[in-house]
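Keep in mind the model is a prediction, meaning the values are calculated, not measured.
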Amino acid sequence: GQQLNQSPQSMFIQEGEDVSMNCTSSSIFNTWLWYKQDPGEGPVLLIALYKAGELTSNGRLTAQFGITRKDSFLNISASIPSDVGIYFCAGQLFGNEKLTFGTGTRLTIIP
Amino acid sequence: GAVVSQHPSRVICKSGTSVKIECRSLDFQATTMFWYRQFPKKSLMLMATSNEGSKATYEQGVEKDKFLINHASLTLSTLTVTSAHPEDSSFYICRLAGANNEQFFGPGTRLTVL
């Protein structure tokens with residue numbers, strides 16, 4: 001099935017650094033979602049975006065819904081050890097409960 | 001958020017056997033349930049979509065006779081991997097969707113086929 005392109009594929013950062021990752025699609029979506037997945041667990045929703053251009057924050061996390069509706073980015077400020085994991089974007093169309101997932105960004109914090 | 005459980009959380013079985021995975025919600029009524037498969041270091045791939053009381057809709061390339069889905073109620077769905085083979089070893093995750101676009105993932109089940 002279709003997957004969204006997510007970049008970077010992996011990131012190695014030091015604690016305290018800011019993180020930025022993005023997700024692009026060849027087609028538009030009406031909703032963008034960002035999830036975090038810890039090893040051996042299911043994804044957990046971080047932020048949901050419903051409107052083009054929308055900028056939404058959740059604590060140290062900020063995400064934006066691209067104007068073209070074909071992209072979204074997620075920023076994490078002042079990273080901490082518990083931010084380690086895999087981050088997935090997902091796109092959704094109105095009236096369709098299916099999600100199309102991104103390829104994932106693996107975040108590792110270097111001691 | 002809703003409390004969603006999957007049972008078992010881990011299972012190891014011999015090649016050729018069948019394995020049933022349950023996805024259950026304690027406090028959320030899901031009109032639609034989704035089953036995903038995730039290989040190591042890969043993204044989630046949708047296998048099938050099911051609504052209560054009706055047959056599941058499978059994604060292209062997913063064998064419906066091999067991956068049997070039963071959406072028994074608004075709070076329970078099961079995925080049975082029949083005649084499992086080592087290539088079926090994966091992480092299986094359910095997702096529940098309800099009214100108002102609410103949605104919750106299960107914690108996943110790690111299947112290892114020897």
Determine, using the 4.5 Å side-chain heavy-atom cutoff (strictly less than), whether [X] and [Y] are members of one ILVMFWY cluster.
X	Y	answer
B:Leu79	B:Leu111	yes
B:Met47	B:Leu68	no
B:Phe105	B:Met45	no
B:Ile69	B:Phe91	no
A:Tyr35	B:Phe34	yes

Notebook entry, point to check: Where do B:Ser43 and A:Phe101 come nearest, in terms of heavy atoms and distance?
Noted result: OG-CB, 3.4 Å
Checklist line | A:Gln9, part contacting chain B, at a heavy-atom distance under 4.5 Å | finding: neither
Check: chain A heavy atoms under 4.5 Å from B:Leu44: which part of the residue, side chain, backbone, both or neither?
Finding: both
Checklist line | Under 4.5 Å from a heavy atom of chain A, the part of B:Lys41 involved | finding: both
Note to self: Does B:Lys66 have more than 12 heavy atoms from other residues, nucleotides or ligands lying within 6.0 Å of its NZ?
What the structure shows: yes
Check: When only heavy atoms count and the cut-off is under 4.5 Å, which of residues 5-18 of chain B reach chain A?
Finding: none
Distance-only donor-acceptor pairs under 3.5 Å for side chains of residues 85-98 of chain A, two or more places apart:
residue : atom : partner  : partner atom : Å
A:Tyr87 : OH   : A:Asp83  : O            : 2.6
A:Gln92 : OE1  : B:Asn101 : ND2          : 3.3
A:Gln92 : NE2  : A:Asn96  : O            : 3.1
A:Gln92 : NE2  : B:Asn101 : OD1          : 3.2
A:Asn96 : OD1  : A:Lys98  : N            : 2.9
A:Glu97 : OE1  : B:Thr32  : OG1          : 2.6
A:Lys98 : NZ   : B:Glu59  : OE2          : 2.8

Margin query: In the structure I gave you, are the side-chain heavy atoms of A:Leu99 and B:Tyr36 within less than 4.5 Å of one another anywhere?
Written below: yes
Note to self: Heavy-atom pairs under 4.5 Å with chain B: which of A:Gly42, A:Gly40, A:Pro43 has the most?
What the structure shows: A:Pro43
